[in-house]
Amino acid sequence: MVKTIEMVNGVVRMLDQSRLPLEVRYIECTDYRMVAEGIKRLWIRGAPAIGIAAAMGIAIGAQGIRASGFREFMDSLEPIFETMLSTRPTAVNIQWAVDRIKRGLNERSDEPVENLKRFLVEEANRMLQEDIEVNRAIGRWGAEFIKDGDTIITHCNAGSLATGGYGTATAPIRVAVEEGKRIHVIADETRPVLQGARLTAWELMQDDIPVTLITDNTAGALMQRGEIDLAIVGTDRTVANGDVANKIGTYSLAILCKEHGIPFFVAAPLSSIDFSIPSGQYIPIEERSPEEVTTVFGCRVAPEGVKVRNLAFDVTPARYITGIITERGVFRPEDIHRLQDPSADIEALRLRPER
Ligand code: MRU
(Lines give C-alpha, C1' and ligand atoms only; values in the text may rest on other atoms or scores of the structure.)
Protein backbone atom coordinates (compact mmCIF):
# COMPACT_ATOMS: atom_id res chain seq x y z
CA MET A 1 0.00 0.00 0.00
CA VAL A 2 1.32 3.46 -0.86
CA LYS A 3 2.41 5.81 1.91
CA THR A 4 0.32 9.01 1.88
CA ILE A 5 2.10 11.04 4.54
CA GLU A 6 4.79 10.79 7.19
CA MET A 7 6.79 13.12 9.41
CA VAL A 8 10.52 12.50 9.72
CA ASN A 9 12.99 14.77 11.56
CA GLY A 10 10.82 17.87 11.39
CA VAL A 11 9.86 17.38 7.74
CA VAL A 12 6.36 16.44 6.55
CA ARG A 13 6.68 14.21 3.49
CA MET A 14 3.51 13.90 1.44
CA LEU A 15 2.75 12.07 -1.78
CA ASP A 16 1.79 14.71 -4.35
CA GLN A 17 -1.65 13.41 -5.32
CA SER A 18 -2.13 16.18 -7.86
CA ARG A 19 0.43 14.37 -10.08
CA LEU A 20 -0.97 10.84 -9.78
CA PRO A 21 -1.12 8.54 -11.62
CA LEU A 22 1.31 10.06 -14.13
CA GLU A 23 4.05 10.65 -11.60
CA VAL A 24 4.76 9.29 -8.12
CA ARG A 25 6.45 12.21 -6.42
CA TYR A 26 6.83 13.08 -2.74
CA ILE A 27 6.97 16.67 -1.54
CA GLU A 28 8.97 17.54 1.56
CA CYS A 29 7.37 20.33 3.59
CA THR A 30 9.82 21.98 5.95
CA ASP A 31 7.42 24.70 7.05
CA TYR A 32 3.82 24.64 8.33
CA ARG A 33 2.76 27.14 5.65
CA MET A 34 3.89 24.72 2.98
CA VAL A 35 1.79 21.96 4.59
CA ALA A 36 -1.22 24.32 4.51
CA GLU A 37 -0.49 25.10 0.86
CA GLY A 38 -0.35 21.37 0.14
CA ILE A 39 -3.80 20.88 1.70
CA LYS A 40 -5.26 23.81 -0.29
CA ARG A 41 -3.74 22.69 -3.58
CA LEU A 42 -4.80 19.04 -3.12
CA TRP A 43 -1.25 17.66 -2.94
CA ILE A 44 -2.89 15.84 -0.08
CA ARG A 45 -6.65 15.44 0.15
CA GLY A 46 -9.31 13.27 1.75
CA ALA A 47 -10.77 14.11 5.16
CA PRO A 48 -8.66 11.92 7.48
CA ALA A 49 -5.45 12.60 5.53
CA ILE A 50 -5.82 16.39 5.76
CA GLY A 51 -6.57 16.11 9.51
CA ILE A 52 -3.29 14.24 9.97
CA ALA A 53 -1.44 16.65 7.67
CA ALA A 54 -2.72 19.61 9.70
CA ALA A 55 -1.57 17.96 12.96
CA MET A 56 1.87 17.36 11.44
CA GLY A 57 2.00 20.93 10.12
CA ILE A 58 1.21 22.23 13.60
CA ALA A 59 3.90 19.98 15.09
CA ILE A 60 6.64 21.26 12.78
CA GLY A 61 5.41 24.87 13.05
CA ALA A 62 5.57 24.67 16.85
CA GLN A 63 9.26 23.71 16.87
CA GLY A 64 10.27 27.24 15.84
CA ILE A 65 8.28 28.97 18.61
CA ARG A 66 10.26 30.83 21.28
CA ALA A 67 8.09 31.01 24.38
CA SER A 68 8.91 31.14 28.06
CA GLY A 69 5.74 29.43 29.31
CA PHE A 70 2.47 27.70 28.49
CA ARG A 71 0.33 30.80 27.80
CA GLU A 72 2.88 32.40 25.51
CA PHE A 73 3.30 29.08 23.68
CA MET A 74 -0.47 28.73 23.16
CA ASP A 75 -0.73 32.33 21.90
CA SER A 76 2.06 31.72 19.39
CA LEU A 77 0.36 28.54 18.20
CA GLU A 78 -2.94 30.29 17.47
CA PRO A 79 -1.94 31.65 14.00
CA ILE A 80 -0.72 28.17 13.05
CA PHE A 81 -4.07 26.66 14.09
CA GLU A 82 -5.85 29.37 12.11
CA THR A 83 -3.72 28.77 9.01
CA MET A 84 -4.62 25.07 9.06
CA LEU A 85 -8.31 25.73 9.72
CA SER A 86 -8.51 28.18 6.83
CA THR A 87 -7.35 25.66 4.21
CA ARG A 88 -10.49 23.62 3.46
CA PRO A 89 -13.85 24.15 5.16
CA THR A 90 -15.95 21.02 4.59
CA ALA A 91 -13.97 18.14 6.11
CA VAL A 92 -14.32 18.34 9.88
CA ASN A 93 -11.09 16.44 10.46
CA ILE A 94 -8.88 19.54 10.61
CA GLN A 95 -11.09 21.02 13.33
CA TRP A 96 -11.09 17.60 15.04
CA ALA A 97 -7.28 17.52 14.99
CA VAL A 98 -6.95 21.09 16.30
CA ASP A 99 -9.47 20.42 19.11
CA ARG A 100 -7.67 17.23 20.12
CA ILE A 101 -4.29 18.99 20.12
CA LYS A 102 -5.62 21.88 22.23
CA ARG A 103 -7.13 19.43 24.74
CA GLY A 104 -3.83 17.56 24.99
CA LEU A 105 -1.86 20.78 25.50
CA ASN A 106 -4.28 22.09 28.14
CA GLU A 107 -3.82 18.86 30.08
CA ARG A 108 -0.06 19.62 30.10
CA SER A 109 -0.27 23.30 31.05
CA ASP A 110 2.25 22.86 33.88
CA GLU A 111 4.92 21.26 31.69
CA PRO A 112 7.93 23.04 30.11
CA VAL A 113 7.63 24.25 26.51
CA GLU A 114 10.11 21.62 25.27
CA ASN A 115 7.74 18.87 26.51
CA LEU A 116 4.81 20.54 24.76
CA LYS A 117 6.73 20.61 21.48
CA ARG A 118 7.60 16.91 21.88
CA PHE A 119 3.96 16.15 22.68
CA LEU A 120 2.83 17.76 19.39
CA VAL A 121 5.16 15.55 17.36
CA GLU A 122 4.11 12.42 19.25
CA GLU A 123 0.41 13.30 19.00
CA ALA A 124 0.56 13.83 15.21
CA ASN A 125 2.29 10.46 14.78
CA ARG A 126 -0.29 8.87 17.09
CA MET A 127 -3.10 10.26 14.93
CA LEU A 128 -1.52 8.63 11.89
CA GLN A 129 -1.17 5.24 13.63
CA GLU A 130 -4.66 5.40 15.15
CA ASP A 131 -6.18 6.28 11.80
CA ILE A 132 -4.80 3.08 10.30
CA GLU A 133 -6.28 1.04 13.20
CA VAL A 134 -9.61 2.85 12.84
CA ASN A 135 -9.69 2.06 9.13
CA ARG A 136 -9.05 -1.61 9.78
CA ALA A 137 -11.94 -1.69 12.29
CA ILE A 138 -14.20 0.03 9.72
CA GLY A 139 -13.08 -2.68 7.31
CA ARG A 140 -14.01 -5.52 9.66
CA TRP A 141 -17.49 -4.13 10.43
CA GLY A 142 -18.24 -3.16 6.84
CA ALA A 143 -17.05 -6.44 5.30
CA GLU A 144 -19.92 -8.24 7.08
CA PHE A 145 -22.25 -6.58 4.55
CA ILE A 146 -20.27 -7.72 1.52
CA LYS A 147 -21.07 -11.04 -0.11
CA ASP A 148 -18.82 -13.19 -2.25
CA GLY A 149 -19.23 -12.02 -5.86
CA ASP A 150 -20.47 -8.51 -5.04
CA THR A 151 -19.85 -5.56 -7.33
CA ILE A 152 -19.40 -2.40 -5.27
CA ILE A 153 -19.57 1.14 -6.55
CA THR A 154 -17.58 3.93 -4.89
CA HIS A 155 -17.26 7.64 -5.54
CA CYS A 156 -14.20 9.91 -5.30
CA ASN A 157 -11.26 8.47 -3.37
CA ALA A 158 -11.80 7.29 0.17
CA GLY A 159 -8.92 4.87 -0.01
CA SER A 160 -5.46 4.65 1.50
CA LEU A 161 -4.49 7.89 -0.26
CA ALA A 162 -7.25 9.78 1.57
CA THR A 163 -6.28 8.47 5.01
CA GLY A 164 -3.27 7.46 7.06
CA GLY A 165 -3.38 4.18 5.08
CA TYR A 166 -5.90 1.44 4.21
CA GLY A 167 -8.83 3.80 3.54
CA THR A 168 -12.37 4.15 4.87
CA ALA A 169 -14.73 3.25 1.99
CA THR A 170 -12.13 0.86 0.60
CA ALA A 171 -11.47 -0.76 3.99
CA PRO A 172 -14.48 -3.15 3.90
CA ILE A 173 -13.51 -4.00 0.32
CA ARG A 174 -9.93 -4.78 1.36
CA VAL A 175 -11.09 -6.93 4.28
CA ALA A 176 -13.60 -8.77 2.06
CA VAL A 177 -10.80 -9.49 -0.44
CA GLU A 178 -8.52 -10.66 2.42
CA GLU A 179 -11.35 -13.01 3.48
CA GLY A 180 -11.26 -14.56 0.01
CA LYS A 181 -14.48 -12.99 -1.31
CA ARG A 182 -14.46 -12.26 -5.03
CA ILE A 183 -15.16 -8.55 -5.29
CA HIS A 184 -15.32 -6.14 -8.18
CA VAL A 185 -15.13 -2.38 -7.66
CA ILE A 186 -16.76 0.18 -9.93
CA ALA A 187 -14.98 3.53 -9.55
CA ASP A 188 -16.82 6.71 -10.59
CA GLU A 189 -14.26 8.93 -12.30
CA THR A 190 -15.46 11.87 -10.11
CA ARG A 191 -15.44 15.10 -12.07
CA PRO A 192 -14.00 17.67 -11.91
CA VAL A 193 -10.76 16.62 -10.20
CA LEU A 194 -11.04 12.95 -11.19
CA GLN A 195 -10.10 11.42 -7.84
CA GLY A 196 -11.85 8.19 -8.89
CA ALA A 197 -9.93 7.85 -12.15
CA ARG A 198 -6.58 9.15 -10.98
CA LEU A 199 -6.49 7.84 -7.41
CA THR A 200 -9.05 5.10 -6.61
CA ALA A 201 -8.49 3.14 -9.82
CA TRP A 202 -4.73 3.55 -9.42
CA GLU A 203 -4.48 2.47 -5.80
CA LEU A 204 -6.79 -0.54 -6.21
CA MET A 205 -4.79 -1.68 -9.24
CA GLN A 206 -1.58 -1.34 -7.21
CA ASP A 207 -3.08 -3.88 -4.80
CA ASP A 208 -4.56 -6.17 -7.49
CA ILE A 209 -8.17 -5.46 -6.48
CA PRO A 210 -10.35 -5.76 -9.62
CA VAL A 211 -11.67 -2.32 -10.61
CA THR A 212 -13.58 -0.89 -13.55
CA LEU A 213 -13.63 2.85 -14.19
CA ILE A 214 -16.82 4.58 -15.35
CA THR A 215 -17.84 8.14 -16.07
CA ASP A 216 -20.05 9.50 -13.29
CA ASN A 217 -23.12 9.45 -15.51
CA THR A 218 -22.78 5.71 -16.23
CA ALA A 219 -23.70 4.64 -12.68
CA GLY A 220 -27.48 4.72 -13.27
CA ALA A 221 -27.27 2.63 -16.44
CA LEU A 222 -25.22 -0.07 -14.71
CA MET A 223 -27.71 -0.16 -11.83
CA GLN A 224 -30.57 -0.52 -14.31
CA ARG A 225 -28.77 -3.52 -15.81
CA GLY A 226 -28.44 -5.12 -12.37
CA GLU A 227 -24.66 -4.84 -12.43
CA ILE A 228 -24.17 -3.18 -9.02
CA ASP A 229 -24.90 -4.80 -5.64
CA LEU A 230 -23.74 -2.23 -3.13
CA ALA A 231 -22.38 1.32 -2.76
CA ILE A 232 -19.78 2.42 -0.23
CA VAL A 233 -18.52 6.00 -0.08
CA GLY A 234 -16.52 8.10 2.37
CA THR A 235 -17.46 11.32 4.11
CA ASP A 236 -15.94 14.69 4.85
CA ARG A 237 -18.42 15.50 7.57
CA THR A 238 -21.30 13.45 8.91
CA VAL A 239 -23.58 15.31 11.30
CA ALA A 240 -25.84 14.49 14.26
CA ASN A 241 -28.97 13.58 12.28
CA GLY A 242 -26.99 11.26 9.97
CA ASP A 243 -26.77 13.61 6.97
CA VAL A 244 -23.49 13.15 5.11
CA ALA A 245 -21.29 15.61 3.22
CA ASN A 246 -19.04 13.97 0.69
CA LYS A 247 -17.58 14.67 -2.75
CA ILE A 248 -19.97 16.30 -5.21
CA GLY A 249 -22.00 13.59 -6.95
CA THR A 250 -22.48 11.45 -3.85
CA TYR A 251 -26.05 12.73 -3.43
CA SER A 252 -26.98 11.77 -7.00
CA LEU A 253 -25.43 8.33 -6.50
CA ALA A 254 -27.43 7.82 -3.29
CA ILE A 255 -30.70 8.70 -5.05
CA LEU A 256 -29.87 6.26 -7.85
CA CYS A 257 -29.22 3.55 -5.26
CA LYS A 258 -32.56 4.22 -3.57
CA GLU A 259 -34.38 4.01 -6.91
CA HIS A 260 -32.74 0.66 -7.68
CA GLY A 261 -32.98 -0.82 -4.17
CA ILE A 262 -29.19 -0.92 -3.77
CA PRO A 263 -27.83 -0.57 -0.21
CA PHE A 264 -25.89 2.68 0.21
CA PHE A 265 -23.24 2.72 2.95
CA VAL A 266 -21.04 5.54 4.22
CA ALA A 267 -17.72 4.73 5.88
CA ALA A 268 -17.19 7.36 8.58
CA PRO A 269 -14.45 7.32 11.20
CA LEU A 270 -15.54 9.12 14.38
CA SER A 271 -13.01 11.84 13.47
CA SER A 272 -15.30 12.73 10.52
CA ILE A 273 -18.49 12.92 12.60
CA ASP A 274 -19.48 16.37 13.82
CA PHE A 275 -22.07 15.96 16.58
CA SER A 276 -22.20 19.74 17.08
CA ILE A 277 -24.10 20.28 13.81
CA PRO A 278 -27.75 19.17 13.90
CA SER A 279 -28.32 18.65 10.17
CA GLY A 280 -26.63 18.78 6.78
CA GLN A 281 -27.89 22.22 5.74
CA TYR A 282 -25.41 23.80 8.19
CA ILE A 283 -22.30 22.09 6.78
CA PRO A 284 -19.98 24.61 5.08
CA ILE A 285 -19.54 23.56 1.47
CA GLU A 286 -16.30 24.44 -0.27
CA GLU A 287 -16.54 26.06 -3.70
CA ARG A 288 -13.39 25.72 -5.76
CA SER A 289 -11.93 27.54 -8.73
CA PRO A 290 -13.81 27.61 -12.08
CA GLU A 291 -10.65 26.35 -13.82
CA GLU A 292 -11.23 22.90 -12.34
CA VAL A 293 -14.36 22.74 -14.53
CA THR A 294 -13.31 24.70 -17.62
CA THR A 295 -9.99 22.93 -18.10
CA VAL A 296 -8.78 19.33 -18.00
CA PHE A 297 -5.08 18.95 -17.19
CA GLY A 298 -4.45 22.51 -18.33
CA CYS A 299 -6.42 22.13 -21.57
CA ARG A 300 -9.48 24.39 -21.92
CA VAL A 301 -12.72 22.47 -22.59
CA ALA A 302 -15.29 25.27 -22.14
CA PRO A 303 -15.74 28.69 -23.75
CA GLU A 304 -13.71 31.55 -22.36
CA GLY A 305 -15.79 33.61 -19.89
CA VAL A 306 -18.50 30.96 -19.25
CA LYS A 307 -20.12 31.12 -15.79
CA VAL A 308 -19.24 28.15 -13.58
CA ARG A 309 -20.50 26.66 -10.30
CA ASN A 310 -17.94 24.35 -8.76
CA LEU A 311 -19.24 22.96 -5.48
CA ALA A 312 -16.66 20.50 -4.20
CA PHE A 313 -19.11 18.61 -1.94
CA ASP A 314 -22.81 17.85 -1.56
CA VAL A 315 -24.99 16.66 1.29
CA THR A 316 -26.78 13.31 1.17
CA PRO A 317 -29.79 13.30 3.51
CA ALA A 318 -29.89 10.50 6.06
CA ARG A 319 -32.99 8.93 4.46
CA TYR A 320 -30.90 7.71 1.52
CA ILE A 321 -28.32 5.99 3.69
CA THR A 322 -28.60 2.31 4.66
CA GLY A 323 -25.83 2.37 7.24
CA ILE A 324 -22.88 4.37 8.52
CA ILE A 325 -19.81 2.22 9.04
CA THR A 326 -17.66 3.46 11.93
CA GLU A 327 -14.85 1.87 13.93
CA ARG A 328 -17.46 1.02 16.60
CA GLY A 329 -19.83 -0.79 14.25
CA VAL A 330 -22.42 -0.06 11.57
CA PHE A 331 -25.36 2.13 12.57
CA ARG A 332 -28.54 3.50 11.05
CA PRO A 333 -27.98 7.19 10.29
CA GLU A 334 -30.73 8.18 12.73
CA ASP A 335 -28.82 6.41 15.54
CA ILE A 336 -25.45 7.99 14.85
CA HIS A 337 -25.92 10.74 17.48
CA ARG A 338 -26.17 8.00 20.13
CA LEU A 339 -22.42 7.36 19.74
CA GLN A 340 -21.68 10.46 21.81
CA ASP A 341 -23.78 9.12 24.71
CA PRO A 342 -21.52 7.09 27.03
CA SER A 343 -24.58 5.23 28.43
CA ALA A 344 -25.90 4.15 25.01
CA ASP A 345 -26.20 0.40 24.43
CA ILE A 346 -23.95 0.28 21.37
CA GLU A 347 -24.37 -3.44 20.85
CA ALA A 348 -28.16 -3.06 20.62
CA LEU A 349 -27.84 -0.19 18.13
CA ARG A 350 -25.51 -2.06 15.77
CA LEU A 351 -26.90 -2.88 12.36
CA ARG A 352 -26.24 -6.44 11.28
CA PRO A 353 -26.51 -7.91 7.78
CA GLU A 354 -29.58 -10.04 7.02
CA ARG A 355 -28.46 -13.64 6.67
O1 MRU B 1 -11.73 17.08 -2.42
P2 MRU B 1 -11.22 15.82 -1.80
O3 MRU B 1 -10.48 14.95 -2.75
O4 MRU B 1 -10.47 16.08 -0.52
O5 MRU B 1 -12.56 15.02 -1.40
C6 MRU B 1 -12.43 13.81 -0.71
C7 MRU B 1 -13.70 13.11 -0.48
O8 MRU B 1 -14.78 13.61 -0.74
C9 MRU B 1 -13.61 11.80 0.22
O10 MRU B 1 -14.64 10.94 -0.21
C11 MRU B 1 -13.76 12.02 1.73
O12 MRU B 1 -12.84 12.96 2.16
C13 MRU B 1 -13.58 10.78 2.50
S14 MRU B 1 -11.89 10.27 2.54
C15 MRU B 1 -11.77 8.90 3.50
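Residues take their numbers from the sequence shown, with the count starting at 1. First listed ligand is number 1; within each ligand, the first listed atom is number 1. Both backbone and side-chain heavy atoms feed into the values below; hydrogens, waters and symmetry mates do not.
- For the pair Val193 and Arg198, the minimum side-chain heavy-atom distance is below 4.5 Å.
- At the top of the distance list for atom 15 (C) of ligand 1, counting protein heavy atoms only, stands Thr168 OG1, 3.0 Å.
- In this structure, a donor-acceptor pair under 3.5 Å is absent between the side chains of Thr90 and Asp236.
- Nearest-residue assignment for atom 9 (C) of ligand 1 (options Thr190, Asn246, Asp314; heavy-atom criterion): Asn246.
- Residue contacts with ligand 1, taken as heavy atom pairs separated by less than 4.0 Å, involve Cys156 solely via side-chain atoms from C-beta onward.
- Residues Asn93 and Ser272 bring a donor and an acceptor atom of their side chains to less than 3.5 Å of each other.
- Of all the heavy atoms of Asn157, the ones lying under 4.0 Å from any atom of ligand 1 belong exclusively to the backbone.
- Within the 4.0 Å heavy-atom criterion, neither part of Ala312 lies near ligand 1.
- Shortest contact from atom 8 (O) of ligand 1 to any protein heavy atom: Asp236 OD1, 2.8 Å.
- Environment of NZ in Lys3: sparse, with no more than 12 heavy atoms of neighbouring residues, nucleotides or ligands closer than 6.0 Å.
- Salt-bridge check for Arg103 with Glu123: failed, with every basic side-chain N at 4.0 Å or more from each acidic carboxylate O.
- Closest protein heavy atom to atom 14 (S) of ligand 1: Ala162 CB, 3.5 Å.
- Of the candidates Arg88, Gln17, Gln195, it is Arg88 that places a heavy atom closest to atom 4 (O) of ligand 1.
- Looking only at atom types and distance, the side chain of Gln17 has a donor-acceptor partner in the side chain of Arg45 under 3.5 Å away.
- The hydrophobic clustering, which links ILVMFWY residues whose side-chain heavy atoms are closer than 4.5 Å, places Phe119 and Leu128 together.
- Listed by number with element, the atoms of ligand 1 under 4.0 Å from a non-hydrogen atom of Phe313 are 1 (O), 5 (O), 8 (O).
- Residue-level proximity to ligand 1 for Thr235 is carried by the backbone, the only part with a heavy atom below 4.0 angstrom.
- Of the protein's non-hydrogen atoms, Lys247 CE, 3.3 Å is the one closest to atom 5 (O) of ligand 1.
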